[in-house]
Amino acid sequence: MKKESLHFSYMILLLTIVASHSLASTQPRCHEDERSALLEFKTTFFTRKHPCCYYSSPVEQAKIESWNASEGKTQSDCCSWTGVECDKASGHVIGLDLSCSCLSGKIDSNTSIFRLLRLRSLNLAFNDFNCQIPPTIGNLSSLKDLNFSGCNFMGHISHSLRNLTQLVHLDLSVNDLNGMIPTYFSGILNVEHLSLGYNSLTGEVPSSLGNLVQLSTLDLGGYNQLTGEIPSSLGNLVQLSTLDLGGNQLTGEIPSSIGDLIQLTNIDLQYNRLVGEIPLSFQNLLELRSLTLDSNRLSGEIPSLLGRLTQLTHVYLSFNQFHGAIPSTISQLQGLNSLYLNSNNLSGTVKLDMFSEAKNLRMLVLSSNKLSLIVETNITHQYWVLSLGSCNLNSFPEFLQDQNHLELLDLSYNNISGQVPKWFLNVSTENLHILNLSSNFLTSFAQDPVIFKWKELLEVDLGFNELQGSVPIPPPKIECYFISNNRLSGGISPLLCNLSYISMIDFSDNNLTGFLRQCFSNLSGYWGVLNLRSNNFIGKIPEFNGNFNMIDLSYNKLEGPLPRSLRNCNILQFLNLANNHIRDVFPSWLGSLLHLRVLILRDNRFHGFIEEPTNRIKFPMLQIIDLSQNSFSGSLPSKYFKHWTAMEVPKRDSSSYLGIFFVVGWGHFPLSTFDYSMSVFAKGIQMNYSKIQGYLTLIDLSSNNFSGAIPETIRSLKQLKLLNLSNNMLSGPLPPFLANLTNLEALDLSRNQLSGEISRDLTQLTSLEVFDVSYNCLIGPIPKSRQFATFENNSYKGNLGLCGAPLSKKCGYPEALPPSFPTSEEDRDSGSAMEVDWKIVCMGYASGLVIGVVLGNCLITRRRAQSLVKNFSRRKQRRRR
Ligand SMILES: *[C@@H]1O[C@H](CO)[C@@H](O)[C@H](O)[C@H]1NC(C)=O
Ligand SMILES: *[C@@H]1O[C@H](CO)[C@@H](O)[C@H](O)[C@H]1NC(C)=O
Ligand SMILES: *[C@@H]1O[C@H](CO)[C@@H](O)[C@H](O)[C@H]1NC(C)=O
Ligand SMILES: *[C@@H]1O[C@H](CO)[C@@H](O)[C@H](O)[C@H]1NC(C)=O
Ligand SMILES: *[C@@H]1O[C@H](CO)[C@@H](O)[C@H](O)[C@H]1NC(C)=O
Ligand SMILES: *[C@@H]1O[C@H](CO)[C@@H](O)[C@H](O)[C@H]1NC(C)=O
Ligand SMILES: *[C@@H]1O[C@H](CO)[C@@H](O)[C@H](O)[C@H]1NC(C)=O
Ligand SMILES: *[C@@H]1O[C@H](CO)[C@@H](O)[C@H](O)[C@H]1NC(C)=O
Ligand SMILES: *[C@@H]1O[C@H](CO)[C@@H](O)[C@H](O)[C@H]1NC(C)=O
Ligand SMILES: *[C@@H]1O[C@H](CO)[C@@H](O)[C@H](O)[C@H]1NC(C)=O
């Protein structure tokens, strides 16, 4: 998700207020055929609540309603209808503005407005047509202005637009159009405004667009997926004042020809993959007001030429790889309002005083660089947004005492230690919305508990400090409260229970105690995040009646059964209850949660069989399930394996991390993410994921009492990366069909009673990094090829009959027979070390029963295994046909 989407609803709000003028209405009576075409159009569409309608005025919504078929004198003259414009001389309909009219329904080639052949202007923006652009649009060859923005059009851009050679304004933005930008656009030579932003367009930016020398606005930004380089021919568009190519996948350098666009006032190339330096030619862009190049891979120093561009008001260079110092010339930009330089590799010492000439500078964002900021005491500048994270500050800058307009203050990742000074609690108490003091060395507040006075505070992050005492009390408006990784203690104050707007709480990794139910007795409302991990909370888990994305109560001392109200958390994606004392059976009822992706119940007192799924929907999105260290018994949940489709097919959003995006406040505040995190035992060690990749898939059922064979249904989980079934009582063969899990990186089947040989098929698992089958009843030679050349002794030890490298035991048996299993005669010869090994291994799982039973069990399963293996291979052949 990108920043733009958030501006979007805001944008609609602004635009639609402006668009409510009706067109001129003193014209000759309209032509009958056109009148009937309009009336027919009215009956074709029904109006309903389109998102746009929430913002459009009642006048707009009623535009088409007022068109009237009856014979009243004025009402039947379509030239007087709202949204209709007629030619003054001929009376023909030449303009139609039905933007934001809440029209809904398919528009097709027969739709009557395509009979209005004299139309010069057609605005159907922000209605819901939900179809392709009908080809008959080409009939309206007189069109100068065509506005199909926000119409929910899909498919390719119709070829018949080729016919509209008179177009001056073409707006197809905010649709779901895909495919390439048609090269015939370069033939619409009069076009001044071309807007294709917020679609799903692919392919390159046609260099022939450089022919459109009348263009003043070229908007291909938003959510398109354009690739390739920015054509240098765009440098021909000398009338261009707005160039928006942001939010694509453009590569290469910014062509120096862009510097020829001397009329340019706005350039937006953000969220691409552009490299190289800002071209020197940019020094010619003397009209430039807004320079938006953030979120690319641009490098070099920030050029001092920016100081020449005296019209600049907004400079966004964040999230690039710029290095070196901030050029002093920037301070010459008297009109500068916003300077975003965060998340680069800028270094050197900066005196905050350097911006004192830029009298209009309101937003200064310098965080996440390697800057050392010197803050003079005589700063008088009033800031709205001040982000000074990782600026090597040792204390709270004193000039903040006089900042009354601050809406955002970020002092995170500095070296500020000790008690928070009393005066700081009075900084901008009327206006502060966002406060970030995380990752410092703060120890306390002057009072305990402290009650924050920032009336408008929406988000506060005090995480990763050394704060002691009780949890500070935020104001009632707070929405996001992060205070993890401190040393806070005590219970949760009743004052915290009344925060009616709270939607994210992260109190994890503190030393908080007490009953959760007392405060959170009934968690209703909208909750993005409730993270109370690693505290000392006790008692039962509260009831959940809100909308949660993420619940993490792991590493506490919670007990009792799972509250059944969890099944009402329809949007839950992440549930981690690991390391508590919860006593319950498997919560199959959670299977109806359509968004649940992570379920961790590790190390509790869950028990019983995992029954076959009963309800129709069974965890369709689940990609991480950890049930380890409980007392589940019976066979593995084979039926479930069939339904965990998220583990079968590659994820679309696999390149992203699991978590939620959120924004507190309005447009100019940066978008934040809350990444889900977890620890699991994978690849033989505890792995802490501070972010969880969208493609990570994991099943950990280890350390339970599961028995029986590994079910074949597991082979469908093709995206599975980590599979841990160790420390159970699984028997039967080590099935060759595990080779179908081609993405597997770690396979731990250790400490079971698996028997038979290690199939050579498993060498197809070329991603396998960790393989552990130790302490089973396996026999025969160890495969050597591919990944199997890298596994060491420990992967195999404790098996009776495995042989070959890396084990020291050689496979010296005749080829014909499955080797290595002791015959009954050898059994009697109890002198061999190997046999002792074997007994110990299997005893471990027999809880004191007669050794012979265990031994026999292994023998039987070995034979069974052989026939099973044969069966499998036969089946495989049949399927191959
Ligand atoms: C249409 O005209 C009829 C007769 O003149 C009138 O009664 C009716 O209210 C009109 N409808 C609208 C929506 O203007
Ligand atoms: C257009 O109308 C004709 C006749 O009324 C009909 O056969 C045809 O299917 C319609 N076309 C579309 C795209 O709806
Ligand atoms: C409208 O366009 C279609 C092709 O899209 C064409 O077949 C038809 O003849 C056109 N009608 C008129 C009246 O121009
Ligand atoms: C293009 O416009 C002409 C009228 O100028 C019309 O006859 C023709 O059908 C249109 N072509 C398409 C593909 O719509
Ligand atoms: C298209 O219409 C929308 C809604 O009225 C408006 O916001 C937008 O600016 C228009 N596009 C052009 C190019 O005028
Ligand atoms: C950041 O700058 C330092 C020198 O200040 C350099 O050593 C380092 O490689 C740079 N890192 C990146 C990612 O450009
Ligand atoms: C702050 O003081 C320094 C010297 O102490 C001076 O050079 C600078 O101009 C002062 N700045 C302001 C904004 O008064
Ligand atoms: C951080 O602050 C401590 C004292 O509070 C100081 O000893 C240390 O040098 C500072 N570290 C840096 C990198 O400035
Ligand atoms: C956590 O709080 C308990 C008392 O509630 C205390 O005994 C313990 O030492 C605290 N642990 C830490 C790490 O502060
Ligand atoms: C499973 O793997 C076997 C080879 O081991 C292969 O023949 C078969 O096509 C695979 N099945 C699927 C469903 O991928």
Side-chain angles (χ1 to χ4, degrees), residues 7-23 50-57 59-61 63-64 82-83 85 95-103 120-129 133 143-153 161 164 167-175 185 188 190-199 212 214-222 240-242 244 266 347 349 369-375 388-397 411-421 439-444 465-466:
H7 296 311
F8 176 45
S9 54
Y10 189 56
M11 185 182 75
I12 296 177
L13 177 62
L14 290 180
L15 295 177
T16 53
I17 290 167
V18 179
S20 62
H21 309 285
S22 59
L23 295 164
H50 180 254
C52 174
C53 292
Y54 298 118
Y55 304 110
S56 47
S57 67
V59 179
E60 286 176 309
Q61 294 186 27
K63 257 185 235 169
I64 202 167
T82 321
E85 185 190 6
L96 192 57
D97 179 358
L98 290 175
S99 57
C100 294
S101 296
C102 307
L103 302 178
R120 282 180 224 155
S121 168
L122 177 61
N123 188 349
L124 297 179
F126 296 106
N127 290 291
D128 182 12
F129 300 123
I133 297 177
L143 276 179
K144 287 186 171 359
D145 299 343
L146 177 59
N147 194 337
F148 279 169
S149 178
C151 285
N152 204 6
F153 279 126
L161 285 174
L164 308 183
L167 279 177
V168 177
H169 298 109
L170 175 58
D171 191 346
L172 302 178
S173 62
V174 200
N175 281 293
F185 274 11
I188 310 176
N190 295 323
V191 74
E192 292 171 14
H193 183 120
L194 180 57
S195 226
L196 306 175
Y198 293 94
N199 279 291
L212 303 176
Q214 304 293 329
L215 266 185
S216 74
T217 297
L218 178 58
D219 169 17
L220 308 177
L240 212 58
S241 70
T242 295
D244 186 352
N266 298 301
S347 54
T349 301
N369 282 293
K370 291 176 187 153
L371 297 167
S372 287
L373 191 70
I374 296 176
V375 187
L388 307 177
S390 51
C391 279
N392 212 5
L393 297 172
N394 286 306
S395 59
F396 286 91
L411 298 174
S412 63
Y413 292 95
N414 278 296
N415 190 21
I416 307 175
S417 55
Q419 195 171 74
V420 178
S439 301
N440 278 288
F441 300 93
L442 302 173
T443 54
S444 61
N465 277 289
E466 293 165 0

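Atoms within a ligand are numbered from 1 in the order they appear, just like the ligands themselves.
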> Does the side chain of Asn392 come within less than 4.5 Å of Leu371's, by heavy atoms?
Replying inline: no

> Between His169 and His193, what is the shortest heavy-atom contact and its length?
Replying inline: CD2-CB, 3.3 Å

> Can you list the atoms of ligand 5 that are under 4.0 Å from a heavy atom of Ala125?
Replying inline: 2 (O), 3 (C), 4 (C)

>> Do Tyr413 and Ser439 have side chains that approach each other closer than 4.5 Å (heavy atoms only, starting at C-beta)?
In response: yes

>> I'd like to know if the side chain of Asn127 and the backbone of Leu98 have a donor-acceptor N/O pair within less than 3.5 Å.
In response: yes

>> For the backbone of Asn414 and the side chain of Asn440, can you confirm whether one donor and one acceptor N or O come within less than 3.5 Å of each other?
In response: yes

> Can you tell if the side chain of Leu215 reaches within under 4.5 Å of the side chain of Val191, non-hydrogen atoms only?
Replying inline: yes

>> Just so I know, are the side chains of Phe396 and Leu442 near enough to count as touching, which here means a heavy-atom distance under 4.5 Å?
In response: yes

>> Would His193 count as being in polar contact with ligand 5, using the rule that some N or O on each side must be under 3.5 angstrom apart?
In response: no

> Less than 3.5 Å between some nitrogen or oxygen of Asp171 and one of ligand 5, yes or no?
Replying inline: yes

>> Side chains of Leu172 and Phe153, heavy atoms from C-beta outward: is any pair under 4.5 Å?
In response: no

> Listing by chain and number, which residues have a heavy atom under 4.0 Å from ligand 8?
Replying inline: Asn392, Asn394, Asn415, Ser417

> What do we get for Asn123 next to ligand 5 when only non-hydrogen atoms under 4.0 Å count, side chain, backbone, both or neither?
Replying inline: side chain

